[in-house]
Enquirer: 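I am attaching a structure below and will ask some questions about it afterwards.
Each chain gets a letter, A, B and so on, in the order the sequences are listed, and its residues count up from 1.
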2 protein chains.
Amino acid sequence: MPSMKTTINTHFLPQLLDPHTLAGSTVVVIDVLRASTTVVTALAAGARTVFPCLEIEEALEVAQRFGEQAVLGGERGGRRIAGFDLGNSPAEYVAETVADKVVVFTTTNGTRAMQVCRSAERVLIGAFVNHTVVAEHLATCAKVDLVCAGTRGEVTREDVLFAGAIVARLAGPTTALNDASRLAWDAWSGAITQPPEHRLLTASLQDSQGGRNLLEIGQAADIAFAAQLDMTDLLPELDVGSWQIRSTTAS
Amino acid sequence: MPSMKTTINTHFLPQLLDPHTLAGSTVVVIDVLRASTTVVTALAAGARTVFPCLEIEEALEVAQRFGEQAVLGGERGGRRIAGFDLGNSPAEYVAETVADKVVVFTTTNGTRAMQVCRSAERVLIGAFVNHTVVAEHLATCAKVDLVCAGTRGEVTREDVLFAGAIVARLAGPTTALNDASRLAWDAWSGAITQPPEHRLLTASLQDSQGGRNLLEIGQAADIAFAAQLDMTDLLPELDVGSWQIRSTTAS
């Protein structure tokens, strides 16, 4: 069997991505601290679906449509929004709070990243907690785009390291990498020993803008949570038509 | 003596930099393949000054002002411009062609990067060929910004690796790094063994967008040239008032 020619383009920020280049591509939206980690965790805990919303008002409207089935989650400045059921700590998204519920979730950077990916063939949500299933699925795709959410227009280390972890697993002699993919891979190789060790990955995520912000608000546990490699084999996919994230099968 | 608190912010592309943050900062403009390598080389070969120009027409106007003293250099699509004396190969900038001359130089990405740095306290030009003198000078500065030129709005590996090499030399326990600085350092650590070896650095620069473009047009020698660490201890500085790059002393 001839090896498939694969292209992996990484984008350090959503604004560096030209949406017109996404036709036929499988995209992974990456917001490790914490939106993509939390979305994966919520679905793994049995949430039926997650609605990503940019604005609080929009989240309240969507939640109203689902009445008792809705759970409102999200953050502003890292903290739970007044009147919401849950914040953005992945540890809050357990079966007791979200099983069989519709999670209506508002987070700025992650949602913006999803919005620029509308024209892709598929939009997946990736984090270290489901890293292997993401990599295994991408290995079947000819065109991959890794979109780092960043924070307020700034490149964030935690998202680029995740992109690098994916590139490190996928890149082979016939893979075409853009320089951002090559650099993400360089960075992953420079920061993390192989195989990745939870303590070192946690330390690396602490030494990032997202990590420092969480340490400042007393959420250090979320960083260790986000550094749990392969806590689940669940692969969340955004349906851009209905704008819902659901668990999908990997093939 | 208490250690000075230093801030190093790296910007993977000029458009990711807010010019308002540059007050009081010493900036290094980085376009390793090839503009900053060529500018350093031209001054090291005895050029009196270099005028960086965005457009060919502007370069022709500036050259006309200097008559016989002017040498016109630059590229479009990697190749010498019709009617110009020199292209953008650093190897062309030797004493025979540029000593005591005014080099009028047009290159798109490097010039654009310089333009966004107008409000900085000082604007230096850095490349591997003058890497140590740049690092030694920056060690005396409290606020440093490393501005990668990129290519047509795309992040380039060669520029980010250079930024990482600088961060690796400067970062200490009291240094504040933005995540792009941290990632550039990660990438440099992942890509290049310490101490850096010319063959490996050349190979890494070949495996970059700028490197591949040069290989395509038969300019492989320029990559090996750009990978020569510390060919000179000359420190070029852009005077933003007269818009000329001149050699400066390091203190």
Enquirer: Please rank B:T156, B:T151, B:L161 by heavy-atom pairs under 4.5 Å with chain A and give me the top one.
Expert: B:T156
Enquirer: Sort B:L183 into side chain, backbone, both or neither according to what part of it lies under 4.5 angstrom from a heavy atom of chain A.
Expert: both
Enquirer: B:D207, B:N178, B:I192: which one forms the most heavy-atom pairs within less than 4.5 Å of chain A?
Expert: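 Top count of heavy-atom pairs under 4.5 Å with chain A: B:D207.
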Enquirer: Which of the residues A:R212, A:R182, A:Q209 is involved in the greatest number of heavy-atom pairs with chain B at under 4.5 angstrom?
Expert: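 Of A:R212, A:R182, A:Q209, A:R182 has the most heavy-atom pairs under 4.5 Å with chain B.
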Enquirer: Find the distance between OG (B:S204) and CG (A:D186) and round it off to the nearest 0.5 Å.
Expert: 7.0 Å
Enquirer: Select one option (side chain, backbone, both, neither) describing which atoms of A:L13 are under 4.5 Å from chain B's heavy atoms.
Expert: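 Contact with chain B involves the side chain of A:L13 alone.
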Enquirer: Relative to chain B, which of A:D179, A:V155, A:L177 shows the most heavy atom pairs under 4.5 Å?
Expert: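 Answer, by heavy-atom pair count under 4.5 Å with chain B: A:D179.
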Enquirer: Pick whichever of A:G210, A:A187, A:A191 has the most heavy-atom pairs under 4.5 Å with chain B.
Expert: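 Option with the top pair count is A:A187.
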Enquirer: Does B:L16 reach the side chain of A:E154, with side-chain heavy atoms less than 4.5 Å apart?
Expert: no
